[in-house]
Amino acid sequence: MSLLVDKLKKDFGNIWNQSNNFAFQTGFTVIDIMSSSMERGASSGGDYNFMNGGLFCKPYTFTGKSGTGKSSLAIQLQTAAVDYCTRRFGPYVDFVMFDVEKHTTLERIRELSKWNDVEIYNRLHFVQQKVSIEEIFNEIQRICSKKEKMKDESYIEFPILNLDGSGFHHYYPTFVLIDSIAALREYKEMEYDKAGELKENKSIVENIDAMRAAKKNTAFIMQIKNLCMDYNIHIGMINHIETEASMDMFSKPSRNLLHLKAGERLKGGNELIFQSAFMINLTYGKRIDDNDPIYGPYVRGAINKVTYLKNKNGKEGLLFPMVFDSDKGYMPELSDFETLLEFKYGISGTSVYTLDILPEYKLTRKNVLEICYDNPIVARAIQFTSRALLNSLLVYNNEPLNIAQLVEGLSLEDRMNLILHYSIDYPGYINMGLVVTPELIEQTLKSNMRFTEALGNALNDLVRLKIDLHKMGYEMQDHQYSLDDIVKNPNAEYLPFFD
């Protein structure tokens with residue numbers, strides 16, 4: 001270390017903080033992998049590298065035209081991240097939603113999150129009333145204050161190392177969603193005259209002053225960024241794309257962001273673009289309806305496209321398919337299935353398909369969801385293959401692995417072990433089976449070195465030669481670990497994620 005850097009560290013103390021950020025995976029492969037980077041982790045077995053991607057404690061903006069399901073996706077991502085954290089650190093993680101537009105029902109959140117009533121009660125703080133941006137900021141400040149007062153209970157060590165090699169400690173995460181930032185306004189209380197009659201407003205222009213709203217949004221997002229970092233607040237903001245009106249027929253529309261079209265902007269001011277670390281955008285795609293029921297009776301919606309318009313931790317502007325059902329929201333397993341079909345990777349066939357890693361199952365678009373529900377290992381195999389593809393393309397910039405060659409000659413049991421080791425649960429698939437033991441994983445990897453060496457860290461989750469005991473698996477031992485039991489019994493003994 002140079003003398004100058006050493007001096008600065010001592011003088012500035014905590015201000016000069018070279019610590020890492022730990023992301024929480026959602027099970028939506030494209031979202032997780034597109035924001036991934038290689039990080040150093042630590043366990044009792046020593047240091048290792050792992051993919052760190054998902055939702056970071058930085059401001060997110062979810063955009064898209066009306067009807068693309070941006071609110072549904074945001075709710076699904078944040079509630080799935082809550083599940084991910086709860087399985088690893090206990091029931092201390094929560095989800096706060098400010099439904100300013102008043103379009104979301106509690107039943108809709110239950111459907112999208114797959115949470116039962118107990119989980120809804122324990123994890124969700126749902127605000128559905130008129131609220132100003134100042135009130136939201138004050139509420140988030142109160143959350144941070146409570147965390148600080150309960151630091152002994154809410155401060156934990158995460159499986160990631162700081163740049164100096166020390167352990168990374170932070171608060172339990174809190175996920176906050178504002179739907180939408182564009183709908184925040186100052187409200188006037190209703191006024192009555194002496195006779196008790198409601199007074200009419202002569203003008204409401206002052207309540208919808210765009211310049212004043214943009215100024216407040218700017219102040220909000222610039223201040224909230226510090227709270228996000230300091231107290232592990234993961235904030236998501238729904239916003240709407242609109243087209244600028246041109247007063248001059250000869251002037252060219254400006255481009256506010258590389259992957260936004262010229263003349264497009266977000267409501268609430270451009271500072272929301274500049275200060276957001278991540279912007280996830282959804283666009284319309286192929287309709288799935290009674291005239292074209294490509295997924296049988298299970299899906300009525302569309303195959304939309306998702307991209308990062310802004311991504312501080314990965315590539316931007318790449319479009320990937322996302323299957324949307326108007327009732328269930330976005331379908332992560334079908335979205336990955338469409339990605340494999342689009343890239344023609346790890347899958348064979350024309351109308352009837354087989355996965356190279358698990359060819360025992362014959363899949364079609366009409367039966368794949370039912371097969372995944374009946375045989376969760378198939379869902380994990382789809383994600384395994386999708387992670388292999390996207391890690392190669394987006395993180396390592398390599399040609400994707402030839403899975404068919406790598407698994408040639410491996411037994412079904414060995415392939416299932418590898419699938420479970422190099423994939424995680426999709427949202428809604430938690431505990432649909434039993435777990436595979438760490439001993440089997442270690443034995444499989446040692447006996448198939450060509451597979452392990454070829455993969456390297458490209459598919460690794462947070463552990464190496466170990467398996468998360470709360471993951472979905474298959475029948476290999478006598479115990480099953482239920483997330484519901486953990487939530488219902490706060491005194492339950494938590495199995496360590498790292499040992």
Side-chain angles (χ1 to χ4, degrees), residues 55 58-79 81-82 94-113 115 120 123-144 174-190 201 204-225 227-228 233-242 265-273 275-282 329-330:
L55 298 184
K58 296 181 182 296
Y60 278 72
T61 295
F62 298 89
T63 67
K65 300 290 186 180
S66 178
T68 53
K70 51 187 178 291
S71 296
S72 296
L73 180 62
I75 292 170
Q76 288 181 275
L77 293 178
Q78 291 201 330
T79 56
V82 170
D94 39 37
F95 172 50
V96 181
M97 181 173 178
F98 298 95
D99 182 25
V100 183
E101 295 189 354
K102 300 183 181 181
H103 289 166
T104 302
T105 64
L106 195 59
E107 184 57 39
R108 180 62 173 166
I109 296 176
R110 183 184 286 107
E111 176 67 33
L112 295 172
S113 66
W115 290 350
I120 289 284
R123 302 175 183 177
L124 175 65
H125 179 45
F126 187 44
V127 179
Q128 193 175 48
Q129 61 188 39
K130 60 182 183 181
V131 63
S132 69
I133 199 164
E134 291 88 354
E135 289 171 317
I136 289 179
F137 182 77
N138 290 334
E139 183 66 18
I140 294 174
Q141 277 193 317
R142 279 192 287 270
I143 292 171
C144 296
T174 297
F175 295 87
V176 177
L177 181 62
I178 303 172
D179 188 7
S180 67
I181 193 75
L184 287 170
R185 292 287 185 268
E186 291 183 11
Y187 290 89
K188 276 189 172 181
E189 296 295 334
M190 289 185 290
N201 285 308
I204 60 170
V205 173
E206 60 181 355
N207 288 336
I208 56 173
D209 182 0
M211 291 183 65
R212 185 168 58 188
K215 185 176 180 180
K216 289 191 173 186
N217 289 342
T218 298
F220 170 79
I221 195 170
M222 293 185 72
Q223 292 187 56
I224 207 71
K225 289 172 72 172
L227 294 180
C228 288
I233 305 293
H234 298 245
I235 188 162
M237 299 169 289
I238 310 297
N239 209 333
H240 308 285
I241 293 177
E242 61 181 5
R265 66 179 183 183
L266 297 186
K267 290 186 176 181
N270 287 335
E271 200 66 29
L272 291 174
I273 296 177
Q275 297 297 333
S276 293
F278 301 90
M279 288 181 59
I280 297 173
N281 185 59
L282 292 162
Y330 279 94

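All of these numbers come straight from a predicted model, not from anything done at the bench.
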Whether the side chain of [X] engages the backbone of [Y] through a donor-acceptor N/O pair (distance < 3.5 Å, no angle test) should be reported.
X	Y	result
E135	S132	yes
Q128	V100	no
D99	H103	yes
Q76	S113	no
D94	R123	no
S276	M279	no
K70	F62	no

Q: Verify the distance criterion only: is there a donor paired with an acceptor across the side chains of N239 and T61 at less than 3.5 Å?
A: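 No.
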
Q) Going by atom types alone, do T63 and N281 pair a side-chain donor with an acceptor below 3.5 Å? A)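 Yes - a donor-acceptor pair under 3.5 Å links their side chains.
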
Compare every heavy atom of [Y] with every heavy atom of [X], then report the nearest pair and how far apart it is.
X	Y	value
P59	M237	CB-CE, 4.1 Å
D179	S71	OD2-OG, 2.9 Å
G329	L112	CA-CD2, 3.7 Å

Q: Please confirm whether F95 and F175 have ring centers closer than 6.0 angstrom.
A: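 Between F175 and F95, which both carry aromatic rings, the centre distance is not below 6.0 Å.
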
Does [X] reach the side chain of [Y], with side-chain heavy atoms less than 4.5 Å apart?
X	Y	result
Y330	L77	no
V96	F126	no
H234	V176	no

Quick one: [atom1] on [X] to [atom2] on [Y], what's the gap to the nearest 0.5 Å?
X	Y	atom1	atom2	value
C228	I235	SG	CD1	5.5 Å
T79	L124	OG1	CG	9.5 Å
I224	I140	CD1	CD1	3.5 Å
I109	L177	CD1	CG	8.5 Å
M97	T104	CE	OG1	3.5 Å
I75	R110	CD1	CZ	13.0 Å

Q. Where do R108 and E111 land on the salt bridge (charged side-chain N to carboxylate O under 4.0 Å, His left out) test, with the steps shown first?
A. CA-CA 5 Å; R108 180 62 173 166; E111 176 67 33; over 6 Å; no

